[in-house]
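Notes to accompany the following structure.
Residue indices begin at 1 and follow the sequence shown.
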Amino acid sequence: MSIILFDGECNLCNRSVNFTIARDPKERFQFATLQSETGQQILSDVGLPADLTTVVLYDGGQAYVRSSAALRVCRRLRFPWPLLSIFLIVPPFLRDIVYRFVSKRRYSWFGKSDVCRVPTADDKKRFV
């Protein structure tokens with residue numbers, strides 16, 4: 001089971017979830033907000049801080065964060081997105097420079113929502 005944890009208050013993160021759902025026809029991913037009970041339990045289980053505000057991919061009992069999570073998700077989407085996984089050969093500290101640049105500005109660029117994403121009826125089964 002692969003679960004993507006995302007910041008439910010971040011508009012960019014919510015758009016990323018929509019993007020992933022649209023390109024994941026095999027429904028390989030489930031989703032939970034970092035703020036949810038499920039999200040908090042996973043963070044605790046893998047030893048990550050409860051106040052984390054970055055994307056987390058929980059896959060096979062292991063957690064990946066920031067660019068490692070995003071690129072591993074891309075690897076399992078439909079073509080052409082798996083091509084981006086080539087960047088996994090770049091050391092994470094270099095990849096995460098770009099990730100952190102966008103992350104620090106995401107609220108000012110994309111806004112912040114007081115309401116977590118509400119899944120559609122079709123997508124509801126993918127949210128844990």
Side-chain angles (χ1 to χ4, degrees):
M1 166 176 55
S2 298
I3 301 173
I4 298 172
L5 303 180
F6 65 100
D7 181 354
E9 298 176 345
C10 170
N11 287 335
L12 174 61
C13 301
N14 284 305
R15 290 178 190 170
S16 296
V17 169
N18 293 336
F19 177 91
T20 302
I21 288 171
R23 288 154 185 82
D24 180 27
K26 295 183 181 178
E27 299 183 357
R28 296 176 179 168
F29 297 107
Q30 291 184 306
F31 305 88
T33 64
L34 290 162
Q35 298 86 351
S36 70
E37 188 176 315
T38 299
Q40 288 295 298
Q41 184 62 54
I42 291 171
L43 292 176
S44 175
D45 290 349
V46 297
L48 291 171
D51 61 350
L52 195 67
T53 59
T54 188
V55 67
V56 177
L57 172 62
Y58 180 69
D59 188 31
Q62 196 165 4
Y64 303 93
V65 296
R66 297 180 199 73
S67 65
S68 294
L71 292 171
R72 287 175 183 278
V73 168
C74 286
R75 179 171 32 192
R76 293 169 57 192
L77 299 178
R78 70 172 180 239
F79 189 81
W81 302 105
L83 296 175
L84 291 176
S85 67
I86 189 73
F87 290 107
L88 286 167
I89 65 172
V90 175
F93 74 93
L94 290 175
R95 288 188 316 237
D96 286 343
I97 290 171
V98 174
Y99 186 93
R100 284 188 173 109
F101 178 82
V102 173
S103 180
K104 285 182 181 179
R105 293 156 181 82
R106 66 191 165 147
Y107 292 138
S108 63
W109 290 351
F110 298 96
K112 187 174 181 179
S113 174
D114 294 339
V115 181
C116 290
R117 181 189 191 281
V118 178
T120 65
D122 289 339
D123 295 337
K124 214 169 218 167
K125 67 182 179 285
R126 299 186 67 186
F127 285 77
V128 292

Problem - L88 CG to S67 OG distance, which is reported to the nearest 0.5 Å - result: 7.5 Å
Practice task
Look at the side chain of D96 and the backbone N and O of R66, then say whether any donor-acceptor pair between them is shorter than 3.5 Å.
Solution key: no
Handout entry: Greater than 12 external heavy atoms within 6.0 Å of E27's CD
Key = yes
Fill in the blank from the handout: All heavy atoms of L52 vs all of L43, minimum pair found to be CD2-CD2, 3.9 Å
Practice task
Could you tell me which non-hydrogen atom of Y64 sits nearest to which non-hydrogen atom of Q62, and how far apart they are?
Solution key: OH-OE1, 3.1 Å
Fill in the blank from the handout: For P25, the side chain to side chain contact (heavy atoms under 4.5 Å, CB included) test, sequence neighbours excluded, returns R78
Exercise for the section: Enter the distance from D45:CG to Y58:OH here, rounded to the nearest 0.5 Å. Expected result: 6.0 Å
Practice task
Would you confirm whether R95, through its side chain, and V90, through its main-chain N or O, come within 3.5 Å as a donor-acceptor pair?
Solution key: yes
Fill in the blank from the handout: The single option from V55, D24, L57 that satisfies side chain to side chain contact (heavy atoms under 4.5 Å, CB included) with V73 is L57
Problem - Donor-acceptor under 3.5 Å (R106 side chain, S103 main chain) - result: yes
Exercise for the section: Specify the closest pair of heavy atoms between F31 and I21, including all atoms of both residues, with the distance to one decimal. Expected result: CE1-CG1, 3.5 Å
Practice task
Determine yes or no for a side-chain-to-main-chain donor-acceptor pair under 3.5 angstrom, with Q40 supplying the side chain and L34 the backbone.
Solution key: yes
Practice task
Using a cut-off of 6.0 Å, state whether more than 12 heavy atoms not belonging to Y107 lie near its atom OH.
Solution key: yes
Handout entry: Exercise: do D7 and T53 side chains pair donor with acceptor under 3.5 Å
Key = no
Handout entry: Atom NZ of K26 with >12 non-hydrogen neighbours under 6.0 angstrom
Key = no
Exercise for the section: Examine distances only and state if a side-chain atom of R28 and a backbone atom of R76 form a donor-acceptor pair shorter than 3.5 Å. Expected result: yes
Exercise for the section: Provide the closest heavy-atom pair for A63 versus V56 in the form atom of the first, atom of the second, distance. Expected result: CB-CG1, 4.1 Å
